[in-house]
Amino acid sequence: MKRKLLIRDLTLRDGQQSAFATRMNQSQVDRVLPFYKDANFYAMEVWGGAVPDSVMRYLDENPWDRLKTISDGVEGVSKLTALSRGRNLYGYAPYPDEIIDGFFKNAVANGLNIMRIFDALNDVDNIKSSVKYIKKYGGIADCAVCYTIDPKFEEPKQEAPKKKGFLGSLFGKKEEPVAVSTYKPVFTDDYFINKAKEMAALGADIITIKDMSGLIPPSRVSSLVTKLKKELNSNILIDFHTHCTPGYGLASVLAAIVSGADIVDTVIWNFAGGPAAPALELVYIFCQKLGVELDINMEAVAKINEKLYGIRKELDAFDAVKQFPNTFNPLTDTLPAHVDKLFDEAIVAAKANNEAGLIEACQAIEAYFNFPKPDEMVKDAEIPGGMYTNMVAQLKQYNALDILEDAMKLIPSVRLDAGLPPLVTPTSQIVGAQAVSSALNFKNGREKYANASNQFVSLVKGEYGKTPVAIDPAFREQITGSSQEIPYDVSKYQRQDNPLLAEFGNVRLAIDEKEELLLELFPLVAKNFLKKKRELEFASSKQQEVVEEVVVTKQETSTEVEPDGYVLESPMPGTIVTFKVKEGDAVSKGNILFVLEAMKMENDVESEFTGKVYKTYVKEGDIVQAGQPVIKIVE
């Protein structure tokens, strides 16, 4: 009897998120759904991750409709899967059980079958509620162990002066460069296996090795898959998830297959490779040669791929690499002898645990088909590609790309100070943003943590959960004002405001439980999305023509001369989350004036002056640029 390998197709979620900034709209999804029904994948990842946020923020579409439409389209042939961040779901703060319960009830009711649940700290306590509620409503709990590596510290140049804070602060102690010899590895095989066992004890149906950065080499995959198959109950399926960015992806997937993985994650040809996962079609060839059954209708896959070619052209503005693979269909195209030999050589190397030979053969295969080359920068830096691009974007906004190298060098010490979190959403953004801020601080003569983001403070405080290593109490006191670990208290959670909209017929902003959940999980984005929706509904109910704006605000000219005062500008590009003061309020230097979201981090912006708020130039939800006036304060 042939061994069967299950395939989780990532094309409609992780694939398009990694390669095209999650900009695939519903009409594009609809074009491929009829063929997905015939393709017979074990599972299709179609939701979660950045999808709910992006479809509202950029496409004016309803995330719940996206899930339900796909569910109706595939008619139960494939299980639908999504990704969520444990107790945080899609936000930056832990949610109480009532929110998690309601979320899973509605997700399953709208077609979700499997939830892949991970925690950015690998804190198993943070996934308990999600496991409980996905299973309560008949879904499958897929618990992901986030793969990460130990930091590598640069040896300082002897002739260079030791700059306070640079590369330093081992657990917040004296600011000196960390010697490699003083660091004991944390992320061993035993670390990951023990995490998987804890998840299995919670009731996990699937355990996924989640390599969000593509940094796991084939030999480590072989070791982990082999040990998981040995240590866990045989009823628990082992899945392997990776990306191709640094060049290990295809080789590591083959290593997982040879080592006995039950499921591997792939993307269909025209969306595959580069920042995304390996191509299904290449995995299909390997399985044919290995005698492993896929049970997938590759003719239907070819039809999906044909549609994806046109869709990718439409997404050109968001294409991360703008490099199409060569046209190929494994059912109809014959491989040249030298390429066919590469597949055989890769299999031999995988079985012999010859990592160098396996990587070389797989990279040669991908090069032949014109998939993107390995990103050497990401490979050398050993951080997620998205984290790197976020840091570059931040520094471009600050006109400070010259300190990129300094910011990169700070990542290991910032990460270690904060308890060595794995670099996955949201901790990768938190650590990356703090490394940039710290590099800017040094450039401007300030202390390393002079302006820690709200999220970094919360991470150090303990609100995100238990970090892999303990945070030094002295460092915690420096950052948070208290040496004590203070977990997030969900009993103090306050539901988002759901106001009556008088201008649209006195309807609530969110009119049902699903919309209320959108407000809870994506407060700023959902507020704008739902307000537009209510506006259009109101216009339709009045049988008026829908115009760009139903309510037009007249701009009155004023001859009033503004008094002299202090204008506080936005320190960086971002979105105004909320104002803490209003016009007429008295403020003192150091008072928080507003909260600015930049690069997915929330930053409290403090007053540099004492006086009275004379005017606010923008409103909540507005996007502002660096240097744009926000508030005027007069004495």
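The first residue in the sequence is number 1, and the count goes up from there.
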Is the side chain of [X] donor-acceptor paired with the backbone N or O of [Y] at a distance under 3.5 Å, no angle test?
X: S252; Y: I216; answer: yes
X: S259; Y: T226; answer: no
X: D375; Y: T245; answer: no
X: D119; Y: V124; answer: no
X: R87; Y: S130; answer: no
X: E345; Y: A361; answer: no
X: S437; Y: A433; answer: yes
X: Q16; Y: R23; answer: yes
X: N354; Y: V348; answer: no
X: D189; Y: L224; answer: no

Check this for me: does any side-chain nitrogen of one of [X] and [Y] sit under 4.0 Å from a carboxylate oxygen of the other?
X: K184; Y: D150; result: no
X: D123; Y: K466; result: no
X: K210; Y: D239; result: no
X: R8; Y: D142; result: yes

Is [Y] close to [X] at the side-chain level, that is, under 4.5 Å between some pair of heavy atoms?
X: N353; Y: S222; answer: yes
X: L440; Y: I403; answer: yes
X: L5; Y: L290; answer: no
X: Q429; Y: Q455; answer: no
X: F240; Y: V253; answer: yes
X: Y42; Y: L237; answer: yes
X: N270; Y: P325; answer: yes
X: P63; Y: M56; answer: yes

For [X] against [Y], the heavy-atom pair lying closest together:
X: M391; Y: A407; result: CE-CB, 3.8 Å
X: A418; Y: I471; result: O-CD1, 3.6 Å
X: P218; Y: L358; result: CB-CD2, 3.5 Å
X: P275; Y: H243; result: O-ND1, 2.7 Å
X: N451; Y: Q434; result: O-OE1, 4.4 Å
X: Y368; Y: N326; result: O-ND2, 3.0 Å

How long is the gap from [atom1] on [X] to [atom2] on [Y], to the nearest 0.5 Å?
X: M212; Y: L423; atom1: CE; atom2: CG; value: 7.0 Å
X: Y191; Y: T148; atom1: OH; atom2: OG1; value: 8.0 Å
X: N454; Y: L459; atom1: CG; atom2: CG; value: 12.5 Å
X: R85; Y: Y464; atom1: CZ; atom2: OH; value: 8.0 Å
X: Y147; Y: H241; atom1: OH; atom2: NE2; value: 14.0 Å
X: L280; Y: D265; atom1: CG; atom2: CG; value: 11.5 Å

Determine whether more than 12 heavy atoms belonging to other residues, nucleotides or ligands lie under 6.0 Å from atom [atom1] of [X].
X: K351; atom1: NZ; result: no
X: K396; atom1: NZ; result: no
X: E306; atom1: CD; result: no
X: K229; atom1: NZ; result: yes
X: E360; atom1: CD; result: no

(request) Provide the full list of salt bridge (Lys or Arg N to Asp or Glu O under 4.0 Å) pairs with a residue in residues 269-280, sequence neighbours left out, each pair given once. (result) none
(message) According to salt bridge (Lys or Arg N to Asp or Glu O under 4.0 Å), does anything in residues 246-255 pair up with another residue at least two apart or in another chain? List the pairs.
(response) none
(request) For side chain to side chain contact (heavy atoms under 4.5 Å, CB included), just list the numbers for D406 and F442, CA-CA rounded to whole Å, side-chain angles, deciding distance to a tenth of an Å, and then say yes or no. (result) CA-CA 9 Å; D406 291 347; F442 287 143; over 6 Å; no
(request) Would you please test N126 and N88 for side chain to side chain donor-acceptor pair (under 3.5 Å) and show each step? (result) CA-CA 8 Å; N126 282 342; N88 289 47; 5.4 Å; no
(message) I'd like to know whether K289 forms a salt bridge (charged side-chain N to carboxylate O under 4.0 Å, His left out) with D340, so could you lay out the CA-CA distance, the side-chain angles of the two residues, the decisive distance to 0.1 Å, and finally the verdict.
(response) CA-CA 10 Å; K289 289 177 174 289; D340 189 68; 3.0 Å; yes
(request) Run the numbers on V32 and L308 for side chain to side chain contact (heavy atoms under 4.5 Å, CB included), then give the verdict. (result) CA-CA 8 Å; V32 297; L308 293 178; 4.2 Å; yes
(request) Determine, step by step, whether D9 and T11 satisfy the side chain to side chain donor-acceptor pair (under 3.5 Å) criterion, reporting the C-alpha distance in whole Å, the side-chain angles of both residues, the deciding distance to 0.1 Å, and the verdict. (result) CA-CA 6 Å; D9 175 72; T11 306; 2.7 Å; yes
(request) Kindly indicate, with the supporting measurements, whether the criterion side chain to side chain contact (heavy atoms under 4.5 Å, CB included) is fulfilled by I7 and V264. (result) CA-CA 5 Å; I7 297 291; V264 294; 3.6 Å; yes
(message) Run the salt bridge (charged side-chain N to carboxylate O under 4.0 Å, His left out) test against D402 and tell me which residues pass, sequence neighbours left out.
(response) K443
(message) One pair to check against ring pair (Phe, Tyr, Trp, His ring centres under 6.0 Å): W269 and F371. What are the steps and the verdict?
(response) CA-CA 10 Å; W269 193 260; F371 285 104; 4.8 Å; yes
(message) Checking I285 against L335 for the side chain to side chain contact (heavy atoms under 4.5 Å, CB included) test, could you report, in this order, the C-alpha distance in whole Å, the side-chain angles of both residues, the deciding distance, and whether it holds?
(response) CA-CA 10 Å; I285 295 172; L335 291 173; 4.0 Å; yes
(message) Is the ring pair Y90/F522 parallel, tilted or perpendicular, if the boundaries are 30 and 60 degrees?
(response) parallel
